[in-house]
Amino acid sequence: MAVQRNGSVPEPGYPFSAIVGQDQLRLSLILCAVHPGIGGVLVRGEKGTAKSTVVRALATLLPAVDDEDGSRPAKLVELPVGATEDRVVGSIDLEKVLRDGERAFQPGLLAAAHRGVLYVDEVNLLHDHLVDVLLDAAAMGRVHVERDGVSHSHPAQFVLVGTMNPEEGELRPQLLDRFGLAVEVTASRDVDVRMNVVRRRMNYERDPHAFAAEFRNDDIAVAEQILAARKILDDVVLSDKELRRIAALCASFDVDGMRADLVLARTASAHAAWRGASEVAEEDVRIAAELALPHRRRRDPFDEPGIDDKQLDDAMRDAAEQAEQQPDPDPDPDGGGAPEPEAPDDGSQSQSSDSESSDSRDESKQPPPSSGAGSEKQAGTPGAQFRARLLEVPGVGEGAPGRRSRSRSSHGRSVRPTVEPGRGLHLVGTLFAAAEQQVVRGRTAGRLKLEPADLRGAIKEGREGNLIVFVVDASGSMAARDRLSAVTGAVLSLLRDAYQRRDKVAVITVRGTQAETVLPPTSSVDVAVTRLRKMKTGGRSPLAQGFLQARELVLRERVRDPLRRALLVALTDGRATGGTDPVGRARIAARRIASDKIASVVVDCESGMVRLGLAADFAACLGGGYVALADLSAEQVAAVVRAAA
């Protein structure tokens, strides 16, 4: 037992075997410990579900690491969300350069995690390029660094575990796919299970050493089973039959690329080794599919991840038929296609007829378009979506990393040196500052004489994420002529753009006698899409209330997150109605927004022969940008937001 310098025994962590429930999570971590080449585990779940506790407990079960300093326990390395790329992959050792004039490499967190666990809490909030670096290292088992005149490569085989709360924003589908396995964790609704969780936690807090001793033998057994599985992993046989089953499963779920097939093969092999088998069986493939396929079904950013048991059962049944088939021993050497299948004698025509009649029934169920300002209905089917043009906040901010507006941050390109500390090193600026002092320091030859006063930080410019506040006019005039269908399609396009640029979003709808915040500021753009599709329409258009509510929301968020700049996007035809002088009151509200330096853009949704031009008038009062709905596509112009007055 390790003893600290002051003579006290360190408090043990929570035992892995003491964790109640979370069977899928524990199994996925164990399989990655058996075969790190699986590519890590993404743990998605609500707060308070012991995600971090399970991950930290896993590190104590990994085999000891033998290196030049002898044998040591496997490490748990935690990567903070605010880490820089230098800290993650390593960089030039400045101390050795300045002291000895010797070019040397200083390893980063990936090197420290070698043969251990690299844990990233809130991985969905980590900058995208850092997530790419982590996943590349986890997949290849090595880190290659080419920077600052240094070429370095070192092994980095670790169990990568990322945890996230979906309420704080989703991880992008292309990054989801890079994680080998993904697990959804939720708190049990079983009363006995919840009681057991609380009881064990209280016992641990009362006497950690006695509690750890109670489960020590169980943890030792799990650790020995992991080690035994590692030893036989290379000898586990993956037959053509099971490989065909894996390929059929991936094909049936229409996953992109071949990464899913490889992950399933590795995971099934690891599970077979974990249970001590010499050959992969159907049960191993089934468990691998449950862990490796659900998050890969998220083809669109707004698709829900996951598959239900019936889908998997059907896919396994089809895959079983494929697994029994023998491969063609003599494929067509000329590369010709397979013979045309015979047309079914009666099925296709009836199926076509059924499909057409089904479409007709679906169309008949669509609600009729609103014909007046007083009616109210559910928003119809969104119109066509498109790649939205860039709407950005003017100036340079210092907000959270993202992809929308210009910002100064620890990432991005260096634009100039500064004497301010804590901004990384601007090498050229440092050398120039030192060069100006060489005569004063008496240098006539030899190495450059450097002093601490010469050091210059680097001001870097990158991109930030913003708060995008959508004010959507859902009044009767907007619903007329099916205009709202095009508007909701445009908002969905803008929401997709916000998702890709890592923005927070809020949605305010304007209809009837008031404005309603249907979605407070959130990073979960998926929720915004769901709320928008349930939006009610019809009635009058109290635009003044919508503008004032948006202003209050932005001012509140400035207090909570002063570095995240806001952009108000109003989608309206400008036809404010209801109450006394509705247009005049809306102009006054818009001018208040302008006086608070809130960037804005008005998307003019007016159409038809008679146009009043009120949307452009409101854009002028807001002091922001203006664009017609038809010109919102990215194929038009780059940016439309002007600096606020």
Side-chain angles (χ1 to χ4, degrees), residues 166-170 301-302 376-383 385 388 391 393 402 404 465-475 478-479 483-539 541-558 560-561 564-573 586 589-590 593 598-603 605 615 618 622 624 627 629 632 641:
E167 294 177 359
E168 297 171 346
E170 285 285 358
F302 300 142
E376 180 181 296
K377 64 169 187 173
Q378 189 83 25
T381 303
Q385 298 176 42
L391 309 179
V393 179
R404 183 171 297 279
N466 300 117
L467 168 63
I468 312 299
V469 181
F470 293 96
V471 178
V472 183
D473 187 348
S475 63
M478 290 285 290
R483 188 182 303 159
L484 201 59
S485 174
V487 172
T488 51
V491 177
L492 286 176
S493 302
L494 291 169
L495 284 171
R496 186 184 303 275
D497 183 65
Y499 176 95
Q500 294 166 346
R501 300 187 187 278
R502 307 201 70 168
D503 297 315
K504 291 178 72 173
V505 297
V507 179
I508 296 173
T509 59
V510 177
R511 67 177 184 87
T513 59
Q514 61 185 3
E516 179 186 4
T517 301
V518 296
L519 182 70
T522 178
S523 296
S524 184
V525 182
D526 309 53
V527 179
V529 173
T530 302
R531 300 280 177 87
L532 184 71
R533 286 171 174 161
K534 296 178 180 178
M535 180 178 66
K536 297 289 186 180
T537 68
S541 179
L543 270 182
Q545 286 91 325
F547 287 151
L548 291 175
Q549 194 151 321
R551 173 178 174 269
E552 292 173 3
L553 185 151
V554 171
L555 295 180
R556 284 198 307 270
E557 287 300 305
R558 280 183 178 177
R560 295 176 182 171
D561 189 356
R564 187 181 288 269
R565 298 185 295 161
L567 172 63
L568 187 154
V569 180
L571 295 98
T572 179
D573 58 6
I593 291 174
I598 299 173
S600 63
V601 58
V602 173
V603 179
C605 304
F618 288 135
L622 286 164
V627 60
L629 178 62
L632 195 57
V641 179

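Along the sequence shown, the residues carry numbers beginning at 1.
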If I compare all heavy atoms of Phe547 with all of Ala589, which pair ends up nearest, and what's the gap? CB-CB, 3.8 Å
A side-chain contact here means heavy atoms from C-beta on lying under 4.5 Å apart; do Leu548 and Gln545 qualify? no
Side chains of Val510 and Thr572: does their closest heavy-atom pair fall under 4.5 Å? no
In this structure, CG of Leu519 is separated from OG1 of Thr509 (nearest 0.5 Å) by 11.0 Å
Please report the closest heavy-atom contact between Leu567 and Val601, naming both atoms and the distance. CD1-N, 4.4 Å
Working to the nearest 0.5 Å, report the span between CD1 of Ile468 and CZ of Arg565. 10.5 Å
For Ala599 against Val393, the heavy-atom pair lying closest together: CB-CG1, 4.0 Å
The reported gap from CD in Glu552 to CD1 in Ile593 (rounded to nearest 0.5 angstrom) is 10.0 Å
Nearest heavy-atom pair of Pro542 and Gly512: which atoms, and what distance? CD-O, 3.5 Å
Once rounded to the nearest 0.5 Å, what's the spacing between atom CD of Gln549 and atom CD of Glu516? 8.5 Å
Is the shortest heavy-atom distance from the side chain of Val554 to the side chain of Leu568 under 4.5 Å? no
For a quick test of reading the model, state the closest non-hydrogen atom pair linking Val602 to Ala615 and the distance between them. CG1-O, 3.7 Å
Minimum heavy-atom distance Val471-Gly546, with the two atoms named: CG2-O, 4.2 Å
Going by side-chain contact (heavy atoms from CB on, under 4.5 Å), Asp473 matches just one of Val603, Leu571, Asp573. Which one? Asp573
Determine whether a donor-acceptor pair (N or O, by modelled atom type, separation under 3.5 Å) exists between the side chain of Asp503 and the backbone of Asn466. yes
Nearest 0.5 Å, please: how far is CG in Leu622 from CD1 in Ile598? 9.5 Å
Can you tell me how far CZ of Arg560 sits from CG of Leu555, rounded to the nearest 0.5 angstrom? 12.0 Å
Is the closest side-chain heavy-atom distance between Asp561 and Leu467 below 4.5 Å? no
